[in-house]
Amino acid sequence: MNLARLDPRVKLLILAGLSTAALVSRSYTTLLALLAISLIILLAGSIAPITIWMKLRGLFSLIVALFVLQCLFNRSGEPLLAFTKFTLITQAGFKTAAAISLRLLVILLAALIVTTGEARDYLLSLTTMKVPYEVAFMVLTALRFLPMMREEAQDVLCAAQLRGLQIKKAGLKRQVGAYSKIIIPIVAGAVRRAEDFSIAMEARGFRAHPQRTTMRKLRMRASDWLYLAVFCAIISSIEAIAAIAAFT
Amino acid sequence: MIEVNNVAFTYPHTKKQIFSNYSIVFERNEITAVTGNNGAGKTTLSKLLVGILRPDAGSIVIDGADIGRMDLCAIGKKVGYVFQNPDRQLFNDTVYNEVAFGLYIMKLPNDEIEQKASHYLSLFGLTQYRDAFPGKLSHGEKQRLALAAVLALGADYLVLDEPTTGLDIRRQRELGNLLENLRSGHGCGIILITHSNEFSSCYASKRVVIAQ
């Protein structure tokens, strides 16, 4: 089913379900199954593999870095890879690193499912799920500001480099110094924008009336219920099988 | 001169193609105004000229050196860039340090840094804000500070994206005269990205219109 047509509440529940299942799962088989389900949902929902890769590309280095750090610093268990007498990677370290990377990947893929909808639909769905409108609005506004802040940070970084600041070739200490310098205008800009935004919102009557009405109503269709039911059944089955396997 | 040779550029996220096989030459000792409608690609062109954006195809050559192989620091030595939004290029704790920032990196002697920075602060009417935090200035003052910080570096070319935004008529005239002095005195090549026909017709010797 095309994810863009799926009810936003179902997408939020899928995100919550997949993320929770990934966090509580202990076995690799379960995590791999969850990863497969996330991918199937995305691919069946008309999201092209190249789009998935483009969106996750930036975070892939983070996953790899986490994997390497876990491998190197988790020293418990039997040696898996050793150089003369020095143990490079232990079995427990490798297993923990693989589990953490898989968990993170499942959560990121689940988050991609939510990116297929409009922000106003999620606002509406959160309010129908009894989340206070102010809280839902704040969360979504903060998320909308993130790409803007990233663009601003890139521009400030470019401006500093064009004025001679060497960042890429500098040592770690100088890099930290340079980045801390650059954070100042980004934070100052974010605070100023938030102030302007709040004034603009109040000028347009935000919270002027306690009861909000909406022009559009969200309605769960039969296909949405069916999708949710199938998803819940699959996730429950996977978790049940994993629990039985762990018990036996 | 800056040669833009058969450049193609498409924003990767929106897939919006801005340039396809686009070529143009900007000479030294000349002020060129680049105009066009909103979304035509004026700011994109300016960012391509200083290497913030990289072309999908074609090349940009500054005085014989292809900037495709240069990092931003190396490009910055040849081309100074003033952003459309000054907030995006002010990152120091005081107005003085903002102007002196690039001069410190150039490892100039302290007395020369002091002299140059004070000169540019005075030129743009910012001496009274010397120890103020740049974020506290008005938009016009920030615009002037951004210009001062870039001009102090003495690059051979300047790319100014909407430099007259937030400047009153007197400051616009002062800026125009300053740019004219830079051109005639130092042979600087100046590229003005602007909507102001009045400003461009007064100070630019060449006008380029980017069609959508």
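All values derive from a computational prediction rather than experimental measurement. Proteins come first, then strands; the chains are lettered A, B, ... in the order of their sequence lines, and each starts at number 1. Atoms considered below: every heavy atom in the structure, side chains included; atoms not considered: hydrogens, waters and symmetry mates.
Lys77(B) is not listed as a side-chain neighbour of Arg163(A), based on a closest heavy-atom distance of 4.5 Å or more. In this structure, Phe91(B) and Ile186(A) have side chains that are not in contact, with every pair of non-hydrogen atoms separated by 4.5 Å or more. Between Asp87(B) and Arg192(A) the shortest side-chain heavy-atom distance falls below 4.5 Å.
Between chain B and the residues Leu162(A), Leu157(A), Ile183(A), the largest count of heavy-atom pairs under 4.5 Å involves Leu162(A).
A salt bridge links Asp155(A) with Lys47(B): the distance from a Lys NZ or Arg NE/NH1/NH2 to an Asp or Glu carboxylate oxygen falls below 4.0 Å.
Counting non-hydrogen atoms of neighbouring residues, nucleotides and ligands closer than 6.0 angstrom, the CZ atom of Phe197(A) exceeds 12 such neighbours. Summarising the local packing, CZ of Arg219(A) is surrounded by 12 or fewer heavy atoms from other residues, nucleotides or ligands at distances under 6.0 Å. Dense packing is recorded around NZ of Lys206(B), with more than 12 heavy atoms of other residues, nucleotides or ligands lying under 6.0 Å away. Counted within 6.0 Å of CE on Met148(A), heavy atoms from surrounding residues, nucleotides or ligands total more than 12; the atom is thus considered enclosed. Atom CZ of Arg150(A) has 12 or fewer neighbouring heavy atoms from other residues, nucleotides or ligands inside a 6.0 Å radius.
Residue contact with chain A, scored on non-hydrogen atoms closer than 4.5 Å, involves the backbone of Leu90(B) exclusively. Within the 4.5 angstrom heavy-atom criterion, no atom of Tyr104(B) approaches chain A. For a residue to count as touching a neighbouring chain, one of its non-hydrogen atoms must lie under 4.5 Å from one of that chain's; by this rule Gln84(B) does not touch chain A. Both the backbone and the side chain of Ala160(A) have a heavy atom closer than 4.5 Å to some heavy atom of chain B.
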| Test side-chain contact (heavy atoms from CB on, under 4.5 Å) applied to Asp71(B) and Gln166(A), step by step | CA-CA 9 Å; Asp71(B) 64 11; Gln166(A) 283 278 8; 4.0 Å; yes
| request: Please step through side-chain contact (heavy atoms from CB on, under 4.5 Å) for the pair Cys158(A) and Leu72(B), ending with a clear verdict. | output: CA-CA 7 Å; Cys158(A) 288; Leu72(B) 288 178; 3.8 Å; yes
